[in-house]
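Per chain, numbering begins at 1; letters A, B, ... match sequence-line order.
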Amino acid sequence: MTAALPNGVSSDDIDAFVRRVREQGAELYRDLPWRNTRDPYAIWISEVMLQQTQVARVLTRWERFIARFPTVDALSAASSADVVEEWQGMGYNRRALALKRAADICASEFGGALPVGVDELCKLPGIGEATAAGITAFSRDVPCIYIETNVRAVFIHEFFPDAERVTDKQLRPLVEAACPAEDVRGWYYALLDVGAHLKKTQVNPTRRSASYTRQSAFEGSRRQKRAWIVREVMACPGIADEELHARLDAEELRAGRDRVPVQEYRSIMADLSCEGFFSLTEGGWKA
DNA sequence: TTCCTGTATC
DNA sequence: GATACAGGAA
């Protein structure tokens, strides 16, 4: 049983919507490299990259990543440091660690394959509902509810033209009803391409999603310091704790900001240690 | 300066 | 339900 459709939407409305999106999607089709594979691993990597990073930049990084780590087993065999190194410049380094951890699980538990099904995929670190559905739709062509920003844009634009805050719970029955039994992959490509087009040509409908949030400023933020520290330790493995703090201070001063209080520095390093980026050894900070 | 996005964790 | 997370482009 599927949930009842909201606010007077009929199944005829859905059918017409699907036809329209399919037509428009065909015109707007983007021949992205990760659309030319069905390898769940390669698609997983693309989905994780696209969680956080815009298509234009992922285009410059995905093939390189796949070339360096072509399989789950290759990623698992690599060190976390190598994976984070390859990830540098993508942002959200934490996700590189989650990828590596998930690859370890797939290598040891699933013989180097990804588990099948949204629920099983969701158990892996760094994979939530959206990524699990994306992997399932694009690698296996199995119907599922894939709700991410472009999909939200299309459904909000179409079915909630005047709403201020549309929740995923409201979208879910519509996304489910629209998903076809066959050619799931083609359907979601069309949605993504139409959604991306929509965002280019008018005020982003996703801003009316309840999930939409503005990000806090990056300059001078803890995020910026974390990223700087990750780069610095990768470049100078074994760097002494005091030296690292001193260099961070110097960097902040250079940027016209205050020195970093030792308390804040400790707190950031504690986080990075906990998350598995580095540990402090006798020989200094190391990956 | 503003824009962009899903997951984890509280 | 709120917040942290990273970086480049416009």
How far does the P atom of dG8(C) sit from the matching atom of dT7(B), given to the nearest Å?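 To the nearest whole Å, 23 Å.
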Contact nearer the 5' end of DNA chain B, comparing R207(A) with G128(A):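 Looking at DNA chain B, the more 5' nearest nucleotide goes with R207(A).
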5' priority, DNA chain B, between R152(A) and E219(A) [closest heavy atom]: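 Its nearest nucleotide being more 5', the pick is E219(A).
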Heavy atoms under 4.0 Å, any strand shown: does [X] hit a base, just sugar-phosphate, or nothing?
X       : answer
I127(A) : sugar-phosphate
E47(A)  : nothing
R231(A) : sugar-phosphate
I268(A) : nothing

Heavy atoms from C-beta onward define the side chain here; which of [options] lies closest to that of [X]?
X       : options                : answer
T131(A) : dC4(B), dT7(B), dT5(B) : dT7(B)
R222(A) : dT5(B), dC5(C), dG8(C) : dC5(C)
F218(A) : dG7(C), dT5(B), dA4(C) : dG7(C)
R94(A)  : dC3(B), dC5(C), dC4(B) : dC5(C)
R57(A)  : dC5(C), dT5(B), dG8(C) : dG8(C)

NZ or CZ of R35(A) within 45° of Y189(A) ring axis and under 6.0 Å: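 Geometry flag: set, cation within 6.0 Å and 45°.
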Mapping G89(A) and R165(A) to their closest nucleotides on DNA chain C, which lands nearer the 5' end?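 Residue closer to the 5' terminus by nearest nucleotide: R165(A).
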Could you pick out which residue, S216(A) or Q224(A), lies toward the 5' side of DNA chain C when each is mapped onto its nearest nucleotide?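 The residue closer to the strand's 5' end, by nearest nucleotide, is S216(A).
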Rounded at 0.5 Å granularity, tell me how far CD in E232(A) sits from NZ in K225(A).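 It comes to 15.5 Å.
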What pair of heavy atoms forms the shortest contact from S11(A) to L5(A), and how long is it?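 Between these two residues, the closest heavy atoms are N-CD1, 4.1 Å.
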How many whole angstroms separate atom CZ of R223(A) from atom P of dC5(C)?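 One finds 7 Å between P of dC5(C) and CZ of R223(A), rounded.
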